[in-house]
Visitor: 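Sharing a structure here in structure tokens format.
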Amino acid sequence: MPLHRVAVARGELAVRDHGDRAPLLLVHGFPLDGEIWRPQIEAFRGARRVLAPDLMGFGGSSAAGRASVEEHADDLATLLDRLVARRAVVVGLSMGGYVALAFWRRHPDRCAGLVLASTRAGPDSEAGRAGRYQMVIAVTQHGVAAVCDAMATRLVGPDAPPALQAHLRAVMSRQPRDGVIAALKAMAARASSAPQLPGITVPTLVITGAADALIDPAESHALAAAIPGARLVVVPGAGHLVNLEEPGAFNAAAGQFLEAVDHT
Ligand code: MLT
């Protein structure tokens, strides 16, 4: 029987944990928050525990300071400790995928499976890094509106309904400026997870929208090819936020994957 030790205010508690299914830990992309997982929360919460945190600096979480991608991953491990979940199926979209891969690098024993959506393993190119620092200047001068303008039309495919685009603008606009700046710097500084891909030993699903304008679907093909046994799902017509744009296809792929994880 697993016996966990959980830090509390005056020491540690030892806890017997009887749950037989790893919770889903949904990690959002930039510059968003856990609200983007609404269709997945609705779809899966009846069958298992679903955790959708706002990363530090975003949504309702505390102000960032300067959290690195690795520190975000460590926060998630602490979150699992506090919520008494030994392992989770970590689902990361885009920046959330960078965090999910860092989570695997730093806490592999806490990971029951990985879903890597619209993401990549490599670090930023020089040009990509320069673009981040230009965006830091733009956000410093003009606020979060600068990043909303730059990303609004690229987060979803060209056929996405206007209501979804308006929803995304609303979610982006409410993100704290300092958190957005910290995340831009963190993504620019992030380490490559590519060397660790062949050593991933948990079941892995890679998902991309075929019309992703932010992270080339070729990155997802490369990710799936580098991770032993990984399955690749390409959702036709969907853009970067494939989970919101085509929730039916995303949830079907994730549901099938979770059944396989539960039986490993
Ligand atoms: C995201 O959607 O999280 C970002 O586009 C990732 C990035 O800028 O690299």
Side-chain angles (χ1 to χ4, degrees), residues 1-6 17-29 37 40 44 47-53 55 68-81 83-123 190-208 215 217-234 242-243 250-264:
M1 178 186 306
L3 185 69
H4 308 306
R5 306 195 72 78
V6 179
D17 187 356
H18 294 272
D20 62 348
R21 287 176 159 193
L24 267 188
L25 176 57
L26 305 170
V27 192
H28 64 81
W37 295 111
Q40 287 65 49
F44 292 109
R48 68 202 306 140
R49 195 171 177 192
V50 181
L51 311 171
L55 292 173
S68 66
V69 165
E70 286 74 19
E71 284 167 332
H72 284 306
D74 293 350
D75 285 347
L76 296 181
T78 304
L79 186 72
L80 293 185
D81 287 341
L83 298 177
V84 196
R86 192 174 66 85
R87 301 206 307 161
V89 177
V90 185
V91 181
L93 186 138
S94 199
M95 177 181 76
Y98 310 157
V99 174
L101 284 166
F103 185 88
W104 165 260
R105 294 200 319 261
R106 298 166 75 83
H107 307 282
D109 54 324
R110 312 300 300 273
C111 200
L114 281 170
V115 179
L116 302 170
S118 313
T119 195
R120 57 162 82 88
R190 77 185 188 279
S192 176
S193 293
Q196 282 78 27
L197 298 182
I200 292 180
T201 51
V202 289
T204 301
L205 171 66
V206 178
I207 307 187
T208 184
I215 295 190
E219 298 276 5
S220 291
H221 286 265
L223 257 183
I227 300 173
R231 173 157 186 250
L232 173 68
V233 172
V234 181
V242 54
N243 70 304
F250 188 97
N251 293 348
Q256 221 176 31
F257 173 74
L258 288 170
E259 273 192 26
V261 170
D262 288 341
H263 291 99
T264 49

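Counting begins at 1 with the first residue of the sequence.
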Visitor: So, for A112 and V261, which heavy atoms are closest and what is the spacing to 0.1 Å?
Guide: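 Heavy atoms only, the tightest pair is O-CG1, 3.8 Å.
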Visitor: Less than 4.5 Å apart, any side-chain heavy atom of L79 and any of P53?
Guide: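 Side-chain contact under 4.5 Å: yes.
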Visitor: Is there side-chain contact between V89 and F257, with heavy atoms separated by less than 4.5 Å?
Guide: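 They are in contact (side-chain heavy atoms under 4.5 Å apart), so the answer is yes.
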Visitor: Can you tell me if R110 uses its side chain to pair, donor with acceptor, with the backbone of R86 under 3.5 Å?
Guide: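 Judged by distance alone, yes, a pair lies under 3.5 Å.
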Visitor: For a quick test of your reading: what N or O donor-acceptor pairs under 3.5 Å do the side chains of residues 220-233 make, sequence neighbours left out?
Guide:
from, atom 1, to, atom 2, distance (Å)
R231, NH1, Q256, OE1, 3.2

Visitor: Can you tell me how far the CG atom of L26 sits from the CD atom of Q40, to the nearest 0.5 Å?
Guide: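 It is 7.0 Å, given to the nearest 0.5 Å.
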Visitor: Going by the rule salt bridge (Lys or Arg N to Asp or Glu O under 4.0 Å), which residues pair with R49 if we only count those two or more places apart in sequence or in a different chain?
Guide: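 R49 satisfies salt bridge (Lys or Arg N to Asp or Glu O under 4.0 Å) with no other residue.
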Visitor: Looking at every heavy atom in both A88 and A22, which two are closest together, and how far apart are they?
Guide: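 The answer is CA-CB, 4.0 Å.
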Visitor: Could you walk me through whether I207 and F250 pass the side chain to side chain contact (heavy atoms under 4.5 Å, CB included) check?
Guide: CA-CA 8 Å; I207 307 187; F250 188 97; 3.7 Å; yes
Visitor: Could you state the interatomic distance from CG (L51) to CG (L76), rounded to the nearest 0.5 Å?
Guide: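 Result: 9.5 Å between the selected atoms.
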Visitor: Could you measure the distance from the CG atom of L25 to the CZ atom of F103? Nearest 0.5 Å is fine.
Guide: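 CZ of F103 is found 6.5 Å from CG of L25.
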Visitor: Which is it for L258 and F44 under the side chain to side chain contact (heavy atoms under 4.5 Å, CB included) test, yes or no, and what are the steps along the way?
Guide: CA-CA 10 Å; L258 288 170; F44 292 109; 3.9 Å; yes
Visitor: Is there a donor-acceptor contact under 3.5 Å from the side chain of H28 to the main chain of L55?
Guide: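 Yes, the answer is positive, given that a donor and an acceptor are paired below the 3.5 Å cut-off.
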Visitor: Roughly how far apart are L80 CG and D75 CG, rounded to 0.5 Å?
Guide: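 One gets 11.0 Å once the value is rounded to the nearest 0.5 Å.
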Visitor: Hey, could you give me the CG/OG1 distance between L114 and T204, rounded to the nearest 0.5 Å?
Guide: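 Here the interatomic distance stands at 4.5 Å.
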Visitor: Judged by atom type as modelled, is there a donor-acceptor pair below 3.5 Å linking the side chain of R87 to the main-chain atoms of P108?
Guide: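 Flag not set: sc R87 to bb P108 has no pair under 3.5 Å.
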Visitor: Run the side chain to side chain contact (heavy atoms under 4.5 Å, CB included) test on V27 and H72 for me, step by step, so that the C-alpha distance in whole Å, both residues' side-chain angles and the decisive distance to 0.1 Å come before the verdict.
Guide: CA-CA 10 Å; V27 192; H72 284 306; over 6 Å; no
Visitor: Grab the two heavy atoms, one from R120 and one from L101, that are nearest each other, plus how far apart they are.
Guide: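 Result for this residue pair: O-CD1, 3.9 Å.
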Visitor: For residues 191-200, which side-chain donor-acceptor pairs fall under 3.5 Å, sequence neighbours excluded?
Guide:
from, atom 1, to, atom 2, distance (Å)
S192, OG, A194, N, 3.0
S193, OG, R105, NH1, 2.6

Visitor: Do W104 and V202 come close enough that some side-chain heavy atom pair is under 4.5 Å?
Guide: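 Yes, side chains in contact.
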Visitor: Let me confirm one number: the CG-OG1 distance from L93 to T208, rounded to the nearest 0.5 Å.
Guide: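 One gets 9.5 Å once the value is rounded to the nearest 0.5 Å.
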Visitor: Test your reading of the model: is there a side-chain donor-acceptor pair from R21 to the backbone of A47, 3.5 Å cut-off?
Guide: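 Yes: the side chain of R21 pairs with the backbone of A47.
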